[in-house]
A.B. asks: 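One structure is given below, represented as structure tokens, and several questions about it will come after.
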Protein chains: 2
Amino acid sequence: MYVTSGFFLGILSLYFGLNSPQMFSQATKYAIKSVIYIWTQSLEDRKVGAKEIGANIEAPEAFTAKILQLLTKAKIVGSIKGPNGGFFADESHAKYTLKDVVKTIDGDQLFAGCSLGLPRCSEKNPCPLHFEVVKVRTEIDHMLTAKSMKQLAVEVIKGNTRLAELV
Amino acid sequence: MYVTSGFFLGILSLYFGLNSPQMFSQATKYAIKSVIYIWTQSLEDRKVGAKEIGANIEAPEAFTAKILQLLTKAKIVGSIKGPNGGFFADESHAKYTLKDVVKTIDGDQLFAGCSLGLPRCSEKNPCPLHFEVVKVRTEIDHMLTAKSMKQLAVEVIKGNTRLAELV
DNA sequence: ATAATAAAAGACAATTAAATCCTTTATTAT
DNA sequence: ATAATAAAGGATTTAATTGTCTTTTATTAT
């Protein structure tokens, strides 16, 4: 009796299950870290390029550059082309919070709409999770609006929090 | 002067941005609704097939069947093959909550790990969101453990909540 | 025993998100 | 003006998630 050619295929078979949906998309995580990093540098009067940002937040440079385009278009940070250019933030950007960043990249589905996907879920017509989700969203809203991106950067500068692994 | 062939391509150009990460993956949403639906029927002593489940929770049948396999393997519901078979839930399944369902399909990344992806994020070494995320997760944990799947089904039977659109 | 039923399992296709690469545009220093 | 720099824009690739289809296995009624 011979071992069939399909023997090893079983090992490679795709395990369905074990996804990993998290609070934020990967793109939003990079966006949050990028904006905070830009602020840490702008508070010391340095403009930064996509390459430097990617390196400091441990994110792929090209993908980070795409995300920076969206953040710039949304006016959450500023950018200047050419030599001595780069991304920066100043007082005109000081009002923005995590919520603005998250909405720019992921949209508002973390805050709005039924968590089970029912089109007409409401107080009067709730899904099984409706009222508990309202409470969770209250906390999410607080998390995303409590501090400005600038304030979050100050904490990083102080060494109280960090954007990447320590070496 | 002629309109170039690429004219309409611009319209089709991919907008980067506007993703939609939500609290739960689509698979988990179907899983939650499936288990609650199975319970509503089991409480009236009916076993149900994947086809009926898919129809009643407004989910694709074949995909729902895959999810049911995982739920069955995790012993969150029971199943019996063959004529008069189907999915069901009884007192041996009465202890399970939303948290068990979510963990089975999505894993525990909604509750565990750094929301910004830092490998060694902790109280002593926190990311900028760490302490706020802890508070959000307390609420998420409450939402997912407050009631058993059976209790959620009772609310649906009573007409207090629902799993699909009303007609 | 046999046919019918329904879940389990596996392979595959489509869609969306993540990531990369190449070209164009704006700016600045020489 | 020209070369160098850096963001903006576009097209494409890769990977993960979502969704479908077909075959196999277990069970039950005839």
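Lettering of chains follows the sequences in order, A, B, ..., and the numbering in each one begins at 1.
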A.B. asks: Indicate, with a heavy-atom threshold strictly under 4.0 Å, whether A/Ala50 touches base, sugar-phosphate, or nothing.
C.D. replies: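 A/Ala50: backbone/sugar contact only, no base atoms under 4.0 Å.
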A.B. asks: To the nearest angstrom, how far is A/Asp106 atom CG from C/dT16 atom P?
C.D. replies: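 Spelled out: CG on A/Asp106 to P on C/dT16 is 16 Å.
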A.B. asks: Give me each pair satisfying salt bridge (Lys or Arg N to Asp or Glu O under 4.0 Å) with a member in residues 32-49 of chain A, each pair once, sequence neighbours excluded.
C.D. replies: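 Matches after skipping sequence neighbours: A/Arg46-A/Glu52.
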A.B. asks: Counting only side-chain N and O atoms of A/Tyr30, is one of them less than 4.0 Å from OP1 or OP2 of C/dA19?
C.D. replies: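 Answer is yes, contact under 4.0 Å.
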A.B. asks: According to side-chain hydrogen bond (donor to acceptor under 3.5 Å, both in side chains), who are the partners of B/Arg162, at least two apart in sequence or on a separate chain?
C.D. replies: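 So B/Arg162 forms a side-chain hydrogen bond (donor to acceptor under 3.5 Å, both in side chains) with A/Asn125.
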A.B. asks: Given B/Val136, which of A/Ile140, A/Leu144, A/Thr138 fulfils the side-chain contact (heavy atoms from CB on, under 4.5 Å) condition?
C.D. replies: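 That would be A/Ile140; it is the only one of A/Ile140, A/Leu144, A/Thr138 passing the side-chain contact (heavy atoms from CB on, under 4.5 Å) with B/Val136.
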A.B. asks: Find the distance A/Lys29:NZ to C/dA18:C1' and express it as a whole number of Å.
C.D. replies: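 It works out to 12 Å between those atoms.
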A.B. asks: Check the distance between D/dA8's P and A/Leu68's CG and give it to me in whole angstrom.
C.D. replies: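 Rounded to whole Å, this separation is 8 Å.
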A.B. asks: With a cut-off of less than 4.0 Å, is there a side-chain N or O of A/Ser79 near OP1 or OP2 of D/dA8?
C.D. replies: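 Answer is yes, contact under 4.0 Å.
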A.B. asks: Is any N or O donor-acceptor pair between the side chain of B/Gln26 and the base of D/dG19 shorter than 3.5 Å?
C.D. replies: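 Looking at the base of D/dG19, it does not pair with any donor or acceptor on the side chain of B/Gln26 (distance under 3.5 Å).
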A.B. asks: Does any N or O in the side chain of A/Asp106 come within less than 3.5 Å of the main-chain N or O of A/Phe24, such that one atom is a donor and the other an acceptor?
C.D. replies: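 Absent.
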A.B. asks: Under 4.0 Å between any heavy atoms, over every strand shown, what does A/Val77 touch: base, sugar-phosphate, or nothing? Just pick one.
C.D. replies: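 No contact.
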A.B. asks: Using whole Å, what does the distance between atom C1' of nucleotide D/dT18 and atom CG of B/Leu70 come to?
C.D. replies: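 B/Leu70 atom CG is separated from D/dT18 atom C1' by 13 Å.
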A.B. asks: Can you sort out the partners of A/Tyr30 under ring-ring contact (aromatic ring centres under 6.0 Å, His included), two or more places apart, ordered by chain and number?
C.D. replies: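 A/Tyr30 satisfies ring-ring contact (aromatic ring centres under 6.0 Å, His included) with A/Phe63 once adjacent residues are dropped.
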A.B. asks: Give the minimum heavy-atom separation between A/Pro126 and B/Asn160, together with the two atoms involved.
C.D. replies: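 Taking A/Pro126 first and B/Asn160 second, the nearest heavy atoms are CG-O, 3.5 Å.
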A.B. asks: What salt bridge (Lys or Arg N to Asp or Glu O under 4.0 Å) pairs are there with at least one residue in residues 127-151 of chain A, not counting sequence neighbours?
C.D. replies: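 Matches after skipping sequence neighbours: A/Glu91-A/Lys150, A/Lys99-A/Asp141, A/Glu132-A/Lys135.
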A.B. asks: Any chance you could measure B/Cys114, atom SG, to A/Met23, atom CE, to the nearest 0.5 Å?
C.D. replies: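 Separation between the atoms: 9.5 Å.
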A.B. asks: Applying the side-chain contact (heavy atoms from CB on, under 4.5 Å) criterion to A/Leu118, which one of A/Cys121, A/Ser122, A/Ser115 satisfies it?
C.D. replies: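 Exactly one candidate clears the test, A/Cys121.
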A.B. asks: Could you write nucleotides 20-30 of chain D as a row of B, S and -, 5' to 3', where a protein heavy atom under 4.0 Å of any base atom gives B, of only sugar-phosphate atoms gives S, and otherwise -?
C.D. replies: B----BBBBS-
A.B. asks: Grab the CZ-P distance between A/Phe24 and C/dA17 for me, whole Å please.
C.D. replies: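 My rounded result for the distance is 17 Å.
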A.B. asks: In whole Å, what is the span from the NZ atom of A/Lys47 to the P atom of D/dT5?
C.D. replies: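 My rounded result for the distance is 17 Å.
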A.B. asks: Between A/Arg46 (CZ) and D/dA6 (P), how many Å, whole number?
C.D. replies: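 In whole Å, D/dA6 P lies 12 Å from A/Arg46 CZ.
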A.B. asks: Just how far, in rounded Å, is C1' of D/dA6 from CD1 of A/Ile38?
C.D. replies: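 Rounded to the whole Å, the gap is 14 Å.
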A.B. asks: As a check on the pairing definition, encode DNA chain D in dot-bracket form, counting Watson-Crick and G-U wobble pairs whose two distances are under 3.5 Å, and using | for partners outside this strand.
C.D. replies: ||||||||||||||||||||||||||||||
